[in-house]
Protein chains: 2
Amino acid sequence: MATIKDVARVAGVSVASVSRVLNNGPKVSKATIEKVTRVMQELNYSPNANARALVTQKSTTLGVVIPNLVDPFFASLAQGVEQVARQKNMQLLLSTGLVSAETEMQAINLLIERRCEVMVIHSKKLSDQALIALANQVPGLVLIDRYIEAIAQRCIWLDNLEGGRIAARHFLALAHKNVACISSKYQIDDPRLRLQGFQSELLSAGVDIEPELIAYGEPTLQGGEIAVQKLLASGKSFSALFVYNDAMAIGAISALEDNGFKVPSEISVLGFDDVLLSRYSRPKLSTLNYPVEEMAIHAASIGIDLASKQPKNTANINCKYIPSLVKRESTSFNLT
Amino acid sequence: MATIKDVARVAGVSVASVSRVLNNGPKVSKATIEKVTRVMQELNYSPNANARALVTQKSTTLGVVIPNLVDPFFASLAQGVEQVARQKNMQLLLSTGLVSAETEMQAINLLIERRCEVMVIHSKKLSDQALIALANQVPGLVLIDRYIEAIAQRCIWLDNLEGGRIAARHFLALAHKNVACISSKYQIDDPRLRLQGFQSELLSAGVDIEPELIAYGEPTLQGGEIAVQKLLASGKSFSALFVYNDAMAIGAISALEDNGFKVPSEISVLGFDDVLLSRYSRPKLSTLNYPVEEMAIHAASIGIDLASKQPKNTANINCKYIPSLVKRESTSFNLT
DNA sequence: CAAATATAGGTAAACGTTTACCCTTGTTTC
DNA sequence: GAAACAAGGGTAAACGTTTACCTATATTTG
């Protein structure tokens, strides 16, 4: 593969000149630009990004660390980051397959080795401490979907507590008194906060959830189906069901209908996340929109700013997002 | 950030020795290994991958070029490639947002600049010629979901024609005689071949599709809904419907049910791709499985082999995949 | 017309590694 | 006890760029 030296030799100029036309630098005559450009095409020259990165000390690379890509939630996240990468002429380095704190750390370390200047990290396994240390080491590191007090201005997160409250208010507005809830069996912050917000808001309106009407399951379609079985097995009746995420909610609707319950006329079901699925289900799922792509774009932008020499936004940037209710077809007024 | 020289200085050895422990090279005593390792941790040393790539002339980087990530089909593709990247200790460079031959070319050129040794490309816009030229330039380049005679052993593709035939045989086996079809309005190879295989197989069984019962639309949920309207507007009746992809098929089912047709008892609907959605729809969608993740893994593996010094598999590798019928709930025996 | 100033372009150091080649020391072999 | 060899480790060139600094020519200025 042709190098800058080859181009310089053939064009009869110094490598400095070639470098200058490559970077639209000053101090090159029009004639030289043309000549060099022509030779570059002739030799099919492609500048070596690794050499460039080495000497300029910047890799023009944007890293994303997510658990996987098949979950449309994370795909949207990655897509958002990619979008700003492309716009800023940077390239995306993607790591997935994170199952433990160790693999997460490993993925991040690989990005550091590549001298990736900005990184958007979705980590649920690494400790606050570890992430704070990392953040101090990598100026362009931003956390998404996680809040850590000590590095608050580097966190882009969704207010899950408020999400739960919004869900509760929706059900209250629809006159539901007997409500049930399906949460994730993985008791990380998200499900806990959603449930907490939901419960507390209901309670302050005088509505209590019976303990038998809270079920936990895998955050998947099947998990939702199974969780509904549990709820029904309790023998308690309910007219509204708040589910941890859309996949579970769709599974829940399936199971409810299989058991002869009509959604939403007999039971209203509300999901969370507003992923693609929710628009494809029947009835179309009412849910809470998690603006993940927008948040990812925001995170990447902050990361780029932070990684630059003089970051502008030191504080007072809004890092907290509030989910919004998307009323579709799976929730309706309680007529019982 | 600490460099190899810093480590060498602090540990009181030469940079060569540090490099050797870094690479588990020979000619290092156990004592040196320990000492150097300790200093590395002390200084929080991280080897510079760009410098390494420069001197070794290999980037341990695997590139993926796809139109987008939100389409679960492409997400699966990327996931498959990522899987082998991780397993081979390489990193994923991802490019999306391809709308034209130009942007596709641009994305590939960026990968070349990074000296990405293996690339898995999903291109629908670039010409055969351009791709052949690229393939000759980049040994580790593999095409996925496309077949080009001249570089056949670098193409991993699905036999869409056979897919259409399989769909036809399924309907024939279910005794359907009045069949309809929804194709994509974008007449690239995939929809054309699927339709062609479908039609020809039906024809050889004496079943003809009336021209009014072939509709074209955007390959999306809405596109499927609209296409069904067109079919119904024709006034012709049909008992089986083969749809270009799952998203359209789910839209089609929605529209059919909205018009009072029961699926599958009155009309059978068969999709294509077997993306996540098909398992979440009601009724669960019968479809043709496109083993995209498996194919992506295969593509990445071939790419890695091709990029190595002495590729093993020169020919006789199977690059053609056949979709398989996944019978779920949206197709049934014709009782009319 | 000399001096000052632009303008274009060249030279070489630097970025952080790897690795071929060389040197030292100690051990084995006869 | 000399010769051969093995083991550990150091020196320096090379990878392909960018860029600070320098030089040479042309142009402007008084």
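This one's a predicted model, so the numbers in the text were calculated from it and none came from an experiment. Below, chains carry the letters A, B, ... as their sequence lines are ordered, and counting in each starts from 1. Just so you know, these numbers use all the heavy atoms, side chains as well, and skip hydrogens, waters and symmetry mates.
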Expected list for residues 23-36 of chain A near DNA chain C, using heavy atoms below 4.0 Å, is A:Lys27, A:Val28, A:Ser29, A:Thr32
Whether B:Glu117 side chain and B:Ala307 backbone form a donor-acceptor pair below 3.5 Å = no
Original post:
For A:Ser19, which contact category applies under a 4.0 Å heavy-atom criterion: base, sugar-phosphate, or nothing?
Top reply: base
With a 4.0 Å cut-off (strictly under) to non-hydrogen atoms of chain A, the first and last hit nts on DNA chain D, 5' to 3', are D:dG16 to D:dC22
Sorted by position of nearest nucleotide on DNA chain D, 5' first, the leading residue of A:Ala51 and B:Ser14 is B:Ser14
Note: B:Glu104 and B:Leu98 closest approach over all heavy atoms is CG-CB, 3.7 Å
Quick one about B:Arg114 and A:Ser59 (side-chain donor to acceptor, distance below 3.5 Å, no hydrogens or angles considered), yes or no? no
**OP:** Flag the pair A:Thr60 / A:Arg52 as yes when at least one side-chain heavy-atom distance between them is below 4.5 Å, and no otherwise.
**Re:** no
Q.
Would B:Thr103 and A:Arg86 count as a side-chain contact (heavy atoms from CB on, under 4.5 Å) here? Give the steps.
A. CA-CA 11 Å; B:Thr103 48; A:Arg86 192 148 23 84; over 6 Å; no
Sequence neighbours excluded, the answer for side-chain contact (heavy atoms from CB on, under 4.5 Å) partners of B:Pro67 is B:Phe74, B:His122
Look at the aromatic rings of A:Tyr147 and A:Trp157 and report parallel, tilted or perpendicular, splitting at 30° and 60°.
-> tilted
Within a 6.0 Å radius of atom NZ on B:Lys88, are there more than 12 heavy atoms belonging to other residues, nucleotides or ligands?
no
